[in-house]
Novice: 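Below are the structure tokens for one structure; questions will follow.
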Amino acid sequence: MAFTSINGNVVHYELIGEAKAKNLIVFSNGLGTDFRIWLPLFDELGDDVSVLLYDSRGHGLSGGAEKPFGMADLVSDLAGLCDALGIRKATFCGLSVGGLVCQGLWQARPDLFRKLVLCDTAPRIATAEIWSERMSMIESGGLEAAADGAMQRWFTPVFHEEQKDALAGYRLMMTRQSKAGYLSTCAALRDTDFSAVLPTISVPTLFVVGDQDGSTPPEVVEKGSTLVPGARFEVIEDCAHIPSVEQPEALAALLQDFIRKG
Ligand SMILES: O=C(O)CC1=CCC(=O)O1
């Protein structure tokens, strides 16, 4: 557990291993989550993989929620964190809005990339109307008003049935996020379309999606993958929006294979 200051805000991060390791993976989390969503992966990844986790602005223990922010800020925070830690090159793995942050980072700082993993994400997620509706709902009813819908999209019916304690825990993770931080991140999602950026990606890229993802369904993620020259597309079975939680072994196997090849 470590803290630094980037762009005037405190950033909560954890570097496990070496900043200069060849097998460094930098993970960027999704809306309403913090970096703990990646922890179930680590038993599966192997000792030779170094990892950087961080809480994005307005989420987890990172600051910056009090002033509105957008995608450019989220991208600049990740670039600043990499620079502050002396990271020269890494594989970036972003989930959902974290995947958009990684696409924006490619646009701003391609020098940082060894490889890219885009997990349950797309160049544009949902529509401006959907984000505006969600923001109105949360402005009036708080994060609690959006929590049951989010859990339906995040996890499969089997997870709901068989992992009730974990479901309650992840629901608390969402409802305990900063309302202002969540709303700014929704605005960033509403205003972002990286469709023109994907064709410029020239590092090996892997797209991954859960077969039951309710936020970025497989057909949406597959369509995004066709925009990146030579990209690989994989579907994880029995999984919704957060494979690192619901199918960590399957995601870790894909990551291990991907970072070791080529
Ligand atoms: O729909 C959700 O709540 C999940 C989600 C959409 C964008 C993101 O980062 O998470």
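Because only heavy atoms are used, hydrogens play no part in the values below, and waters and symmetry mates are left out as well, while side chains stay in. Here the structure is a predicted model, which means the values were calculated and not measured. One-based numbering, in listed order, for ligands and for the atoms of each.
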Novice: Using a strict cut-off of under 4.0 Å between a residue heavy atom and any atom of ligand 1, list the qualifying protein residues by chain and number.
Specialist: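 Residue list for ligand 1: G30, L31, S96, V97, W131, R134, R153, W154, L189, S215, H241.
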Novice: Does the side chain of Y182 come under 3.5 Å of the side chain of R134 through a donor N or O and an acceptor N or O?
Specialist: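 Note: Y182 and R134 side chains meet the donor-acceptor criterion.
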Novice: Residues in side-chain contact (heavy atoms from CB on, under 4.5 Å) with S225, at least two apart?
Specialist: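 side-chain contact (heavy atoms from CB on, under 4.5 Å) list for S225, sorted by chain: F207, E222, F233.
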Novice: Applying side-chain contact (heavy atoms from CB on, under 4.5 Å), name anything that partners A72, two or more places apart in sequence or on another chain.
Specialist: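 Scan of A72 (side-chain contact (heavy atoms from CB on, under 4.5 Å), adjacent residues dropped) gives none.
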Novice: Residues in ring pair (Phe, Tyr, Trp, His ring centres under 6.0 Å) with F35, at least two apart?
Specialist: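 Per chain and number, F35 pairs via ring pair (Phe, Tyr, Trp, His ring centres under 6.0 Å) with H12.
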Novice: If only atom types and distance count, is the side chain of T33 paired as donor or acceptor with the main-chain N or O of G30 below 3.5 Å?
Specialist: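 Looks like yes, one N/O pair under 3.5 Å.
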Novice: Is the distance between the ring centroids of F3 and Y13 under 6.0 Å?
Specialist: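 Aromatic pair excluded; centres sit 6.0 Å or further apart.
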